[in-house]
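Indexing begins at 1, ligand by ligand and atom by atom, following the structure's order. Since the model is a prediction, treat every value here as computed from it, not as a measurement. Numbering of residues begins at 1 and proceeds along the displayed sequence.
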Amino acid sequence: MVHMHITSWILGLILFFAAYFLHTGGNARVSKILHMILRVFYILIIVTGVWILLSLSNINAEYIIKGLAGLWLIASMEMILVRLKKNKPVRSFWIQLIIALVLVLLLGWRLPLGVLHM
Ligand code: HEM
């Protein structure tokens with residue numbers, strides 16, 4: 001399940017950046033399709049993340065914060081793409097995305113499961 005989680009969030013981030021740059025580059029139609037696929041990946045990321053959480057025997061606050069930071073990152077990606085379509089400012093959400101991403105990666109790699117600990 002950890003592999004599935006990692007694969008989902010990597011593909012999710014790639015889809016997000018592709019959808020963002022296609023939209024700013026003028027290709028709104030393809031960007032919209034990628035955004036729809038990205039929403040399926042949100043579900044995959046959350047389901048696999050919650051699955052890992054539920055299968056832990058020694059769950060602590062750090063795991064909970066890791067999960068909340070992951071949800072925050074997903075919310076930031078969604079807000080950026082939706083506001084971009086409506087031509088609203090997205091700067092504050094980029095700042096949130098960067099903070100959430102740094103938090104998620106630091107905690108994710110610090111915690112004992114995953115590729116850095118195999
Ligand atoms: C886009 C959002 C997310 C990203 C980028 C992300 C990233 C990561 C990373 C980098 C790891 C560590 C894997 C490794 O060591 O190689 C990880 C593990 C984990 N993630 Fe996520 N995650 C996200 C969303 C979530 C969500 C929404 C939840 C739960 C609600 C969650 C729960 C977990 C748990 C429980 C682990 C295992 C921690 C460990 O012991 O290593 N993640 N995630």
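More than 12 heavy atoms of other residues, nucleotides or ligands shown are found within 6.0 angstrom of NZ on Lys85. Counting heavy-atom neighbours within 6.0 Å of Trp94 CH2, excluding the residue itself, gives a total above 12.
If you number the atoms of ligand 1 from 1 as listed, the ones under 4.0 Å from a heavy atom of Ile52 come out as 35 (C), 37 (C). Atoms of ligand 1 found under 4.0 Å from any heavy atom of Val50 (numbered from 1 in listed order, with element): 29 (C), 30 (C). Shown in contact with Val104 at under 4.0 Å from a heavy atom are these atoms of ligand 1, numbered in order with element: 4 (C), 5 (C), 6 (C), 7 (C). Set against the non-hydrogen atoms of Ile6, the atoms of ligand 1 under 4.0 Å away are 13 (C), 14 (C), 16 (O).
Between the choices Tyr42, Trp72, Trp9, the shortest heavy-atom distance to atom 7 (C) of ligand 1 belongs to Trp9. Of the candidates Lys66, Glu62, His3, the one placing a heavy atom closest to atom 6 (C) of ligand 1 is Lys66.
For Leu101, no heavy-atom contact with ligand 1 is shorter than 4.0 Å. Heavy atoms of Leu111 found under 4.0 angstrom from ligand 1 belong to the backbone as well as the side chain.
Summarising the geometry, atom CG belonging to Leu34 is positioned 11.5 Å from atom CD1 belonging to Ile14; distances are rounded to the nearest 0.5 Å.
Residues Met77 and Leu13 are in side-chain contact: their nearest non-hydrogen atoms beyond the backbone lie under 4.5 Å apart.
Taking 4.0 Å as the cut-off, Gly12 does not count as a neighbour of ligand 1 on heavy-atom distance.
A pairwise comparison of heavy atoms in Ala19 and Ser31 identifies O-OG, 2.8 Å as the closest pair. The two residues Phe41 and Ser8 have their closest heavy-atom pair at CD2-O, 3.6 Å.
Under the 4.5 Å side-chain heavy-atom criterion for Ile, Leu, Val, Met, Phe, Trp and Tyr, Trp9 and Val47 are members of distinct hydrophobic clusters.
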